[in-house]
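I have placed the structure first, in the form of structure tokens, so that the comments after it can refer back to it.
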Amino acid sequence: MINIPKGTKDILPQESYKWHYVENIIRELSHVYGLSEIRTPTFEHTELFLRGVGDTTDIVNKEMYTFTDKGDRSITLKPEGTAGVARAYVENGLGSFPQPIKMYYITSVFRYEKPQTGRLREHHQFGVEIFGSDNPLADVEVISIASFFFKKLGIEGLTLKINNIGCKKCRQNYNNALKEYLMGNIEDLCPICKSRINKNPLRILDCKELSCKKVIENAPICTDFLCPECKEHKEKVERGLNSLSIEYVNDPYLVRGLDYYTGTVFEFVSEKIGAQGTVCGGGRYNDLVEEVGGKATPAVGFGLGIERLLLLMETMGVLLKEKEISEVFILPQNDLFQNECLKMVSYLRENKISAENDISGRSFKAQLKYANKIGFKYLIVIGETELDSGIFSLKNMTNGEIIELNKKGLVDFFRR
RNA sequence: GUGGGUAUGGCGCAGUUGGAAGCGCGCAAGAUUGUGGCUCUUGAGGCCGUGGGUUCGAGCCCCACUACUCACCCCA
């Protein structure tokens with residue numbers, strides 16, 4: 001028996017409807033917001049992620065699925081969605097279309113991690129990226145998409161955390177101040193953080209080690225170091241969210257694990273799905289396009305984990321749409337009418353009505369039991385009477401009611 | 001990468017101090033029924049995660065490995 005690779009999941013026939021439900025809402029919503037779908041390859045040149053995501057991040061350092069292909073190229077399964085979109089934006093000259101370009105995607109992403117609740121090696125993300133607007137309104141729009149999405153699914157009680165980690169300039173100032181402060185308290189930091197001071201001091205803010213937390217309590221706060229532009233940007237985002245009545249909390253310690261973020265960062269967090277509570281995370285990444293080889297282009301977006309979303313919906317008991325079941329099951333009174341059933345099923349299908357018949361050679365009774373177990377809503381028995389009169393008895397399986405209809409009447413009935 | 005927990009039919013689980021592998025659900029066939037649902041009968045399906053050890057004898061005790069799982073870390 002060969003089993004499934006660690007950290008991956010089958011989506012089985014009896015549960016795929018949940019995915020359809022969520023995906024349909026994503027597409028509906030994206031249409032309403034004027035987002036167009038973009039599909040980029042499952043794998044990219046490794047260098048894209050080294051440059052885009054950043055080579056000090058855990059994702060790039062130890063979590064990528066990287067291999068050398070037969071042409072001796074270093075290839076990596078995408079560990080996140082944004083870098084590929086930025087690459088496509090540059091490579092296809094999307095910058096020369098009217099800006100901003102508003103895009104969404106649903107894609108698999110791959111990270112070599114140790115699986116636990118809400119964490120897999122292959123998971124799926126709904127992502128939104130808006131390229132070509134530096135305006136806070138774009139940030140607000142992106143956040144409002146996520147917020148509206150949760151609302152549409154009936155999910156309540158998420159916390160929206162926001163922060164602004166500054167642009168290149170003010171982040172540098174803050175980084176220096178932070179480094180200086182941390183150096184002064186280096187004995188109290190955990191070993192991991194000690195090694196992080198120079199490479200990525202911001203990450204230390206996120207450390208959960210008790211001793212580090214204590215140090216962080218008195219650390220300089222990044223919002224105090226924002227330049228006037230960033231400060232204004234932050235305020236405008238907040239005002240925009242207020243006017244849409246989107247609740248949020250400022251979290252000066254919110255740092256994201258990808259290097260490309262600049263300015264606005266945010267997360268939607270739940271406490272109900274175990275330790276991996278971030279359902280959606282995103283922010284602004286104004287330097288990414290340039291980093292990937294394009295001309296400087298501001299951008300903002302988010303990634304939303306669909307497995308975590310479903311986990312959340314299930315633990316919250318949010319009503320999911322029911323599994324899709326064919327409308328009608330058609331069975332012959334006896335073997336002589338098998339082919340008449342085939343014809344009827346085919347006729348209904350041609351009219352876009354989902355219809356099925358027995359393909360296992362079961363007895364009449366067994367077919368009835370089967371139809372009941374599967375949960376067909378309607379039933380038609382075809383025998384001599386039906387063929388002679390052209391009138392078919394349509395039985396409602398939930399209440400037992402019977403309606404008499406001819407062939408066309410059946411089609412109209414299901415189209416109602 | 002570091003810890004903890006778990007491993008018995010498709011799924012959920014019992015299995016006493018070591019002494020003939022069981023139950024519920026599901027699945028399949030049949031009986032009954034107004035053409036299904038309720039009820040009844042029958043059946044299929046297990047190398048008890050793998051490999052060692054202790055013992056007359058191991059699902060149970062010991063060791064190793066593997067897988068799954070939860071948490072750290074990190075992230076969606």
Side-chain angles (χ1 to χ4, degrees), chain A residues 1-9 12 14 53 56-64 78-82 106-128 146 158 190-193 196 200 203-204 206-210 212 254-258 261 265-270 273-282 301-312 329-334 360-383 386 393-402:
Chain A
M1 156 92 172
I2 298 168
N3 38 15
I4 195 168
K6 199 194 242 306
T8 61
K9 277 241 153 63
L12 300 171
Q14 62 266 26
V53 179
T56 66
T57 60
D58 275 12
I59 290 183
V60 169
N61 266 326
K62 38 186 206 190
E63 295 178 1
M64 294 208 299
K78 57 177 158 185
E80 56 88 55
T82 306
I106 299 172
T107 186
S108 288
V109 297
F110 306 87
R111 291 177 203 167
Y112 193 86
E113 303 202 67
K114 193 145 177 195
Q116 69 187 72
T117 313
R119 194 170 71 185
L120 297 163
R121 290 189 173 177
E122 179 189 20
H123 78 274
H124 297 80
Q125 287 192 11
F126 161 40
V128 167
L158 291 180
C190 70
I192 304 158
C193 285
R196 279 200 284 220
N200 202 345
R203 285 240 55 86
I204 298 176
D206 212 24
C207 188
K208 272 125 200 160
E209 207 69 45
L210 210 70
C212 294
L254 175 62
V255 196
R256 315 234 53 251
L258 294 83
Y261 286 108
V265 293
F266 65 89
E267 281 182 5
F268 285 85
V269 184
S270 166
I273 51 170
Q276 309 301 319
T278 303
V279 183
C280 172
F302 69 70
L304 191 154
I306 300 180
E307 281 84 355
R308 285 188 190 171
L309 180 78
L310 289 172
L311 201 60
L312 181 61
F329 189 79
I330 295 167
L331 63 164
Q333 200 173 52
N334 60 53
S360 302
R362 275 188 243 257
S363 71
F364 182 78
K365 267 174 204 176
Q367 288 191 39
L368 276 171
K369 287 194 179 190
Y370 170 78
N372 184 59
K373 268 186 271 195
I374 297 297
F376 285 95
K377 291 173 212 128
Y378 293 94
L379 191 78
I380 297 172
V381 178
I382 294 186
E386 285 80 10
S393 301
L394 184 70
K395 177 165 177 174
N396 183 326
M397 295 286 276
T398 24
N399 58 19
E401 275 174 24
I402 289 176

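Protein chains get the first letters and strands the later ones, always in sequence-line order, with residue 1 at the start of each.
In this structure, F376(A) and F329(A) have tilted ring planes: the angle between them lies in the 30° to 60° band.
Across all strands shown, G46(B) remains unpaired; no Watson-Crick or G-U wobble contact has both distances below 3.5 Å. Searching all strands for a Watson-Crick or G-U wobble partner of A58(B) with both distances below 3.5 Å returns nothing.
In this model, a side-chain donor or acceptor of K395(A) finds a partner on the base of G36(B) within 3.5 Å.
At the heavy-atom level, L309(A) lies nowhere under 4.0 Å from the strands shown. In this structure, S393(A) reaches neither bases nor backbone, as no heavy-atom distance under 4.0 Å exists between it and the strands shown. Across all strands shown, V381(A) has heavy atoms under 4.0 Å from base atoms, whether or not it also approaches the sugar-phosphate. Counting any heavy atom pair closer than 4.0 Å across all strands shown, E63(A) reaches sugar-phosphate atoms only and no base atom. Among the atoms of the strands shown, base atoms are found under 4.0 Å from some heavy atom of I402(A). The residue K373(A) sits close only to the backbone: its heavy atoms come under 4.0 Å of sugar-phosphate atoms, none of a base.
Proximity note for A366(A) (side chain, C-beta onward) versus C72(B), A29(B), C75(B): the nearest is A29(B). Looking at the side chain of R111(A), the nearest of the listed nucleotides C74(B), A71(B), A76(B) is A76(B). Proximity note for E113(A) (side chain, C-beta onward) versus G37(B), A76(B), U35(B): the nearest is A76(B).
The distance from the CD atom of E80(A) to the OG1 atom of T57(A) is 9.0 Å, given to the nearest 0.5 Å. Between atom CZ of residue F126(A) and atom SG of residue C280(A) there is a gap of 8.5 Å, rounded to the nearest 0.5 Å.
Checked against E307(A) for a side-chain hydrogen bond (donor to acceptor under 3.5 Å, both in side chains), the options Q276(A), Q125(A), H124(A) give a single hit: H124(A).
The main-chain N or O of K114(A) is found under 3.5 Å from a side-chain atom of R119(A) such that the two form a donor-acceptor pair. Side-chain atoms of R308(A) never come within 3.5 Å of backbone atoms of V279(A) as a donor-acceptor pair (strictly under, hydrogens ignored).
For RNA chain B, the neighbouring residues in residues 117-126 of chain A, judged by any heavy atom under 4.0 Å, are T117(A), G118(A), R119(A), L120(A), H123(A), Q125(A).
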